[in-house]
Amino acid sequence: MTEPEPEAEPKADGGSSKATGPVTEMDQSSSAADYRPAAADDGPTGRFWSGRRTPAALVALVVLGAAGLLLYDVAAVRADRPAMQWRRSLADHLAEWRLDEVGVLAVSAAVALLGLVLVAVALTPGLRALLTMRTGRAGVRAALDREAAALVLRDRAMEVSGVQSVRVKMRRSKASVRARSHFRPLDEVRADLDTALGAGLKELGLARPPALAVQVGRPSARKK
């Protein structure tokens, strides 16, 4: 899944100001703040689990059909009836293969890898784009999309004086903010961003508030 990375449009500060380059190009070394907001006080809240009902049903039907067909053929052979043609052909074909051949090893590795993937899918919750929220009520659960959370933080950052443009990467454990400031000292802009974004994270009402990392720099004067 790709990380949401919205970028705000440049804003003016009384007059007009033009963007001189992408936010990743800095003339000065950026200042940064990295801290973790206080944890929620209403106890841990688990992540949302993906139902995966369709894949589970398809895998179960395939396994059930193959096992039932094989069991029927084995029972028929035990009852002194000839085995099905597909099983005799498959047995003759497999008898010609050696266990150390490249094709056999490749198929075995692919099947083992597929099994590991299915186990991992079964044991992981999925739905990584959803951030669990606090509700304060038993039996009620809520979640916020990561892209929506990033947009909220971007809007809060653009309200800070001196900020020209912002990029936000919202992960489950960390919100990374890169801002470009065209006036005011960088330390002052970063301090205001710390305050505004810290308040913004609290207002999101997340059950596990992510850490916040803020970087502020000047726009590059170089032209491509």
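Nothing fancy with the numbering, it's 1 onward along the sequence.
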Open item on the list: Keeping H182 on the side-chain end and R218 on the backbone end, is there a donor-acceptor pair under 3.5 Å?
Closed with: no
Open item on the list: Tell me every residue that passes salt bridge (Lys or Arg N to Asp or Glu O under 4.0 Å) with D100, counting only those two or more places apart in sequence or in another chain.
Closed with: R98
Open item on the list: For S181, run the side chain to side chain contact (heavy atoms under 4.5 Å, CB included) check against L193, V163, D192, L186 and tell me which one passes.
Closed with: L186
- [ ] To the nearest 0.5 Å, tell me how far T195 OG1 sits from R156 CZ.
- [x] 10.5 Å
Task: Partner residues of E188 under the salt bridge (Lys or Arg N to Asp or Glu O under 4.0 Å) criterion, sequence neighbours left out - done: R184
TODO: Decide yes or no for S176 and R171: does some side-chain heavy atom of the first lie under 4.5 Å from some side-chain heavy atom of the second?
DONE: yes
Open item on the list: Looking at every non-hydrogen atom in both residues, tell me the closest pair between L206 and P210 and how far apart they are.
Closed with: CD1-CD, 3.6 Å
Open item on the list: On a heavy-atom basis, which atom in V189 and which in S161 lie closest, and how many Å separate them?
Closed with: CG2-O, 4.2 Å
- [ ] Return yes if some donor-acceptor pair links the side-chain N/O of R134 with the main-chain N/O of A207 below 3.5 Å, else return no.
- [x] no
Open item on the list: Pair V62, L58 - check side chain to side chain contact (heavy atoms under 4.5 Å, CB included), show working.
Closed with: CA-CA 6 Å; V62 170; L58 292 177; 5.5 Å; no
Open item on the list: One pair to check against salt bridge (charged side-chain N to carboxylate O under 4.0 Å, His left out): R88 and D92. What are the steps and the verdict?
Closed with: CA-CA 6 Å; R88 294 199 302 268; D92 295 338; over 6 Å; no
Open item on the list: For A149, give me all partners under side-chain contact (heavy atoms from CB on, under 4.5 Å), at least two apart in sequence or on another chain.
Closed with: L131, L144, M170, L204
Task: ILVMFWY clustering at 4.5 Å (side-chain atoms), partners of V111 - done: V107
Open item on the list: Please find the pair of heavy atoms, one from G162 and one from F183, that lie closest to each other, and give the distance.
Closed with: CA-CE2, 3.4 Å
Open item on the list: Would the distance check show the side chain of R172 and the main-chain N or O of L130 forming a donor-acceptor pair, the cut-off being under 3.5 Å?
Closed with: yes
- [ ] Heavy atoms only: give me the nearest L153-A175 pair and the separation to one decimal.
- [x] CD1-CB, 4.1 Å
Mind listing the side-chain donor-acceptor pairs of residues 66-81 below 3.5 Å, one per line with the distance, residues two or more places apart or on another chain?
unit_1, atom_1, unit_2, atom_2, d
D73, OD1, M84, N, 2.9
D73, OD2, R87, NE, 2.0
D73, OD2, R87, NH2, 3.2

Task: Rounded distance [0.5 Å steps], CZ in R154 versus CZ in R167 - done: 12.5 Å
TODO: Sorted by first residue and then second, give each ring-ring contact (aromatic ring centres under 6.0 Å, His included) pair with at least one member in residues 99-147; sequence neighbours left out.
DONE: none
